[in-house]
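Report on the following structure.
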Amino acid sequence: MSTVKVITNILEANDRIARQNAQLFGTAGVYVVNLMSSPGAGKTSLLERTVDALHGKLRMGVIEGDIQSSVDAERIGRHGVKAVQINTGGACHLDGNLIRDAVEDFALSELDLLVVENVGNLVCPAEFKLGEDIKAMILSVTEGDDKPLKYPLMFQESSALVINKIDLLPYVNCSVERIEERALAINPALRIFRVSCTTGEGLATWTAWLADQVAGKRPRARA
Ligand code: MG
Ligand code: ZN
């Protein structure tokens with residue numbers, strides 16, 4: 001069997017499990033976000049801010065994916081929501097199987113929003129479906145405005161792009177306009193947010209949009 005064939009089979013098997021997960025989430029009426037970015041772009045920081053903003057309004061749960069350690073789950077846990085840590089033990093992305101196991105630790109029907117923080121990586125997390133409602137990605141301005149050109153699949157697959165660390169724009173050689181232009185050329189439907197998890201700028205727009213998406217799923221799921 002050729003390598004291409006093997007990879008195709010792996011992705012097809014994963015898609016099947018992801019569809020089962022999606023069915024589970026639909027029955028429970030929980031909205032699931034697959035949050036992706038490179039390491040250090042601010043996934044956990046955005047999640048901490050999002051939890052603080054929405055915790056009283058929505059019942060939230062978090063799954064943290066990392067190659068190793070539980071520091072991110074501990075960070076989220078300090079904000080008062082349940083966070084389950086997955087350690088992939090070397091694998092550079094989460095897959096449907098890992099999520100199926102992790103959600104057993106939650107009472108899904110008691111949640112409105114489950115956010116899955118994927119392993120920090122701009123490549124294969126975009127290829128492996130988890131059963132999520134949407135993929136969202138973060139790009140920080142310190143990474144540069146060429147990333148949509150280099151990693152187009154992630155931008156194509158995402159419904160939302162959060163451009164983080166805009167407070168650092170005066171110090172870096174990066175154009176937000178160029179990021180947006182290049183990202184929208186790949187995915188014209190992409191919803192873009194400019195935020196700083198340090199200063200809090202732009203976060204209210206992001207959390208309001210996210211809460212709207214969650215509200216959109218609930219009536220259908222519970223009808
Ligand atoms: Mg993290
Ligand atoms: Zn990978």
Side-chain angles (χ1 to χ4, degrees), residues 3-18 21 32-55 60-102 105 113-132 135-143 147 150-158 160-165 168 193 195-198 203 206-207 210:
T3 312
V4 172
K5 181 71 180 164
V6 172
I7 291 169
T8 306
N9 287 348
I10 289 170
L11 287 174
E12 279 172 4
N14 183 69
D15 282 358
R16 243 188 333 270
I17 297 162
N21 289 347
V32 181
V33 178
N34 178 2
L35 185 60
M36 310 177 295
S37 81
S38 60
K43 292 185 295 305
T44 312
S45 297
L46 182 70
L47 260 174
E48 288 180 295
R49 291 289 203 155
T50 304
V51 164
D52 285 346
L54 296 179
H55 185 25
M60 287 184 69
V62 172
I63 294 175
E64 285 290 340
D66 281 290
I67 290 174
Q68 206 169 316
S69 91
S70 59
V71 289
D72 282 357
E74 286 158 21
R75 274 175 68 184
I76 298 300
R78 284 196 284 274
H79 292 258
V81 303
K82 180 167 178 164
V84 170
Q85 181 78 48
I86 297 175
N87 281 151
T88 62
C92 49
H93 59 267
L94 296 177
D95 63 22
N97 256 323
L98 289 168
I99 294 306
R100 184 168 60 185
D101 291 346
D105 288 351
L113 172 62
L114 176 66
V115 183
V116 180
E117 180 183 331
N118 217 311
V119 179
N121 176 352
L122 280 181
V123 189
C124 38
E127 295 183 56
F128 286 82
K129 297 187 177 94
L130 308 178
E132 69 272 31
K135 293 182 173 73
M137 67 170 293
I138 306 175
L139 182 70
S140 61
V141 299
T142 53
E143 295 170 78
K147 293 302 168 289
K150 293 186 176 182
Y151 304 97
L153 184 65
M154 180 126 326
F155 292 84
Q156 189 184 309
E157 289 287 315
S158 293
L161 165 64
V162 177
I163 301 175
N164 189 24
K165 307 189 190 181
L168 298 181
F193 303 88
V195 312
S196 164
C197 290
T198 303
L203 287 167
W206 153 253
T207 53
L210 184 58

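Please read all numbers here as calculations on a predicted model, not as lab measurements. All ligand and atom numbering here is 1-based and tracks the order in the structure. For reference, positions follow the sequence shown, starting with 1.
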Open item on the list: Using 30° and 60° as the class boundaries, would you call the ring planes of F128 and H93 parallel, tilted or perpendicular?
Closed with: parallel
Open item on the list: Keeping N118 on the side-chain end and S37 on the backbone end, is there a donor-acceptor pair under 3.5 Å?
Closed with: no
Task: Under 3.5 Å donor-acceptor, H55 side chain and G80 backbone - done: yes
- [ ] Please check if atom NZ in K147 has more than 12 non-hydrogen atoms from other residues, nucleotides or ligands closer than 6.0 Å.
- [x] yes
Open item on the list: If you consider just the N/O/S atoms, which atom of D72 is the closest one to the Mg ion (ligand 1)?
Closed with: OD2
Task: Closest H93 atom to the Zn ion (ligand 2) [N, O or S only] - done: ND1
Task: Shortest-distance N/O/S atom, E117 versus the Mg ion (ligand 1) - done: OE2
